[in-house]
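Letters A, B, ... are given to chains in the order of the sequence lines, protein chains preceding strands, and every chain is numbered from 1.
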Amino acid sequence: MTCLAGGRPQGGVLRGPDLLGYVGIEAVLDQMRRKTMKAGFEFNIMVVGQSGLGKSTLVNTLFKSKVSRKSCSPNYEEKISKTVQLQSVSHVIEEKGVRMKLTVIDTPGFGDQINNDRCWEPVLKHVNEQYEKYLKEELRVNRQRKIPDTRVHCCIYFLPASGHWLRPIDVEFMKRLGKIVSIVPVIAKADTLTLEERTEFKQRIRQDLVANGIQVYPQKENDEDAEERLLNNTIRESIPFAVVGTDREHQVNGHRVLGRKTKWGIVEVENVAHCEFANLRDLLIRSHLEDLKQVTHDVHYETYRVQRLTAGAVHQGGPNGSDLESHL
Amino acid sequence: MYFLIVDSLRKTDVFSTETPGYVGFANLPNQVHRKSVKKGFEFTLMVVGESGLGKSTLINSLFLTDLYPERIIPGAAEKIERTVQIEASTVEIEERGVKLRLTVVDTPGYGDAINSQDCFSTIISYIDDQFERYLHDESGLNRRHIVDNRVHCCFYFISPLGHGLKPLDVQFMKAIHNKVNVVPVIAKADTLTLRERERLKRRILDEIDEHGIKIYHLPDAESDEDEDFKEQTRILKASIPFAVVGSNQQIEAKGKKVRGRLYPWGVVEVENPEHNDFLKLRTMLITHMQDLQEVTQDLHYENFRSERLKRGGRLSSHGYVLPLSPAYVPLCLPAFLP
């Protein structure tokens, strides 16, 4: 019996010649669409920042539903916790037949203590634990058809609108987490900044990010082609987005809009002249949601996997948390 | 600057209204769609059957191309000693921006030898090799550009001249039905009248049942699909096994040019659904390409993988060595102490 060496397909690659008619390959795409619609989507988003920066309000505004409980709501009883606790809440939301299981991971207590040294560690640990869970399932002999995905696809990091520079805690956090998860920094409660202050602040932040070697989403090396690079460059020039969040509606010019009403005017959240909430929403949800998931799977998870599998061969005692950090 | 992002999205939004309460993740299927179009598709189709059943002609007809431009058909004397070969040709087809990289694996020599006892072990090794290679790639450290050469579908050609399945047909299909999606095809269907065809189809289906052969089953249409799709699925399911005629010759018939075979008594039109099931076969292949890939990945490949891992030991065929520890079982990960 003969078989070609290595069983590798031979024969040249014949470039699609003039087809003698219409084959109908597009029907494959229809099938794919049907399947993905049926399967639904999962998205895991983490929000990090000090209390009072409007994290829960922003998430609720982004997804137009009460997915997060605000700490300013009347019956909220928790005090500032002594350590950073991560809380994960899942909801299934549906829009025009598309179902999404949204998981919001909150980090109360982050940056709230007097001594915030190493307050990023519980967050690091959580992110790595999800990668570990996924990796374990992937390595099993009998594995599930669809591995449940609890990996953090996006981390929104809230910067207080100080107007100055990045604070040391911001730098430390983003430096470490930027390597393992896609960070989207936002300027919170941006209605305290005028437009000029906002532009200057953003520029300083961008300089700070470059100076400290911090990688935020969308990362330059993940651009696949010129078209994507163009779009992502535009995004990179406007991060961090200055956002305002609210769940209250007001009447403006005969329309009901989401906004914050003050004596000097109404801050319209979805008005791009007032704040960049709409840009953030468009980026996260309407255009780059799938890309965020893909980058998490193809880049961050693979990096973790390679580190884990090569480290495993060396450390027979098993790497513990601090060993992993030394790889970062 | 802001509007550039927003505008480029508006063009691709399926639902362009800014209705209150509209978040926008209904656009997700479009995002997935865009990424798949960019990535393109890979599909490997294997064709198995005796020589002269029209396999190559059919493949050329299916994809409207000529995969075998310089073919030399060997004479009988050469065939006696011939063993089964595996020949794979790849062609890239692009249509309306969607790229399909199609690999057709041909198996000349199958069933040709006088004693065909062993002719399918080569084929089975080939299928297993592709699984093995994929398993190796998937377990490796650099998984960026894994090429999927696993066989997603196997067209098995049945001769129309018998009264059903031959013993070789039964044996072969039973040997591969757990490794690949088998689609039985009745070749050269223009030798049969309509009644003979129906009888043969029924006979074949009965024999498949009798021997416990697992052929590929089209998934039922979902209840929320449109009526046309449901009807099409019903018709496809009812026509298995497909009785086909292949041809790339253009014949003049009834004033227009059709692909067909010219006989003194008439023209058999390849693309005429009343003449043969060619169009149905093509529709099935194209619309269910994704499902064929999924079943290969989720069922056949996973079976192969579990069996392989249970057997354990270093994966060492063709000299591949994993960069990981040899005992390839879940306990190989050192304890992760958070």
Over 60° means perpendicular and under 30° means parallel, so tell me whether H153(A) and F43(A) are parallel, tilted or perpendicular.
parallel

Measure distances from E138(A) to the heavy atoms of chain B and classify the residue's part below 4.5 Å as side chain, backbone, both or neither.
both

Mind running ring-ring contact (aromatic ring centres under 6.0 Å, His included) on Y134(B) and Y301(B) for me, showing each step along the way?
CA-CA 9 Å; Y134(B) 192 84; Y301(B) 172 69; 5.2 Å; yes

Answer yes when D128(B) and R308(B) have at least one side-chain N-carboxylate O distance shorter than 4.0 Å, and no when they do not.
no

Do L62(B) and F278(B) come close enough that some side-chain heavy atom pair is under 4.5 Å?
yes

May I ask you to say whether R143(B) pairs ionically with E302(A), meaning some side-chain N is under 4.0 Å from a carboxylate O?
yes

Report which part of L62(A) has an atom under 4.5 Å of a heavy atom belonging to chain B: side chain, backbone, both, or neither.
backbone

Side chain / backbone / both / neither for N142(B) at chain A, heavy atoms under 4.5 Å:
neither

Please rank M289(B), E302(B), H288(B) by heavy-atom pairs under 4.5 Å with chain A and give me the top one.
E302(B)

Report which part of D291(A) has an atom under 4.5 Å of a heavy atom belonging to chain B: side chain, backbone, both, or neither.
both

Between the side chains of N142(A) and S306(B), does any donor sit under 3.5 Å from an acceptor?
yes

Could you look at E307(B) and say if it's the side chain, the backbone, both or neither that has a heavy atom under 4.5 Å from chain A?
neither

Contacting moiety of E227(A), where chain B heavy atoms sit under 4.5 Å:
neither

